[in-house]
Amino acid sequence: RDDLGLANLLQSRGDLLSRLGDVDGAQEAYNKAEQLYIKERDDLGLANLLQSRGDLLSRLGDVDGAQEAYNKAKSIFDKLGLTDLLQPQ
């Protein structure tokens with residue numbers, strides 16, 4: 001079974017549902033993907049997911065929730081030495 005492939009698919013589904021305005025569907029897809037990333041110890045996938053979740057929460061006006069998700073993502077990017085990915089080009 002390819003849990004990382006499924007996690008990536010779920011995250012992409014969450015991103016699409018978020019853009020379409022299906023907040024509940026996006027949250028559900030993100031939650032399932034998060035569990036798989038944690039299970040598989042895929043820190044980069046988890047950081048990207050947290051960034052997507054932060055974007056969704058920001059659009060919903062949940063500033064505190066968005067900031068928490070972004071901070072967790074930044075912490076993981078820092079640990080991986082990839083903080084530069086967060087900087088605008």
Stepwise side chain to side chain contact (heavy atoms under 4.5 Å, CB included) check, Gln35 with Asn31 = CA-CA 6 Å; Gln35 294 308 310; Asn31 290 340; 5.9 Å; no
From [atom1] ([X]) to [atom2] ([Y]), nearest 0.5 Å:
X     : Y     : atom1 : atom2 : value
Asp42 : Leu36 : CG    : CG    : 10.5 Å
Leu46 : Leu80 : CG    : CG    : 10.0 Å
Lys32 : Leu10 : NZ    : CG    : 7.0 Å
Gln51 : Ile76 : CD    : CD1   : 10.5 Å
Leu49 : Glu34 : CG    : CD    : 6.0 Å

Using a 4.5 Å cut-off on heavy atoms from C-beta on, say whether the side chain of Leu44 contacts that of Tyr37.
-> no
List, by chain and then residue number, the residues other than Leu17 in its hydrophobic cluster (Ile/Leu/Val/Met/Phe/Trp/Tyr, side-chain heavy atoms under 4.5 Å); write none if there are no others.
-> none
If you link ILVMFWY side chains whenever their heavy atoms are less than 4.5 Å apart, which other residues fall into the same cluster as Leu16? By chain and number, please.
-> Leu20
Quick one: do Phe77 and Asn48 satisfy side chain to side chain contact (heavy atoms under 4.5 Å, CB included)? Show the steps, please.
-> CA-CA 9 Å; Phe77 282 128; Asn48 287 323; 3.5 Å; yes
Identify, with sequence neighbours excluded, every residue that meets side-chain contact (heavy atoms from CB on, under 4.5 Å) alongside Glu68.
-> Lys72
Who passes side-chain contact (heavy atoms from CB on, under 4.5 Å) against Ser12, sequence neighbours left out?
-> none
Residue pairs meeting salt bridge (charged side-chain N to carboxylate O under 4.0 Å, His left out), one or both in residues 7-25, sequence neighbours left out, come to none
Cut-off 3.5 Å, side chains only: do Asn71 and Gln67 have a donor facing an acceptor?
-> yes
Closest heavy-atom pair, Gly14 versus Ala26, reported as atoms and distance to 0.1 Å, is O-CB, 3.4 Å
Heavy-atom pair with the smallest gap, counting every atom of Ala73 and Ala47 | CB-O, 3.5 Å
With sequence neighbours excluded, tell me which residues meet salt bridge (charged side-chain N to carboxylate O under 4.0 Å, His left out) with Asp43.
-> Lys79
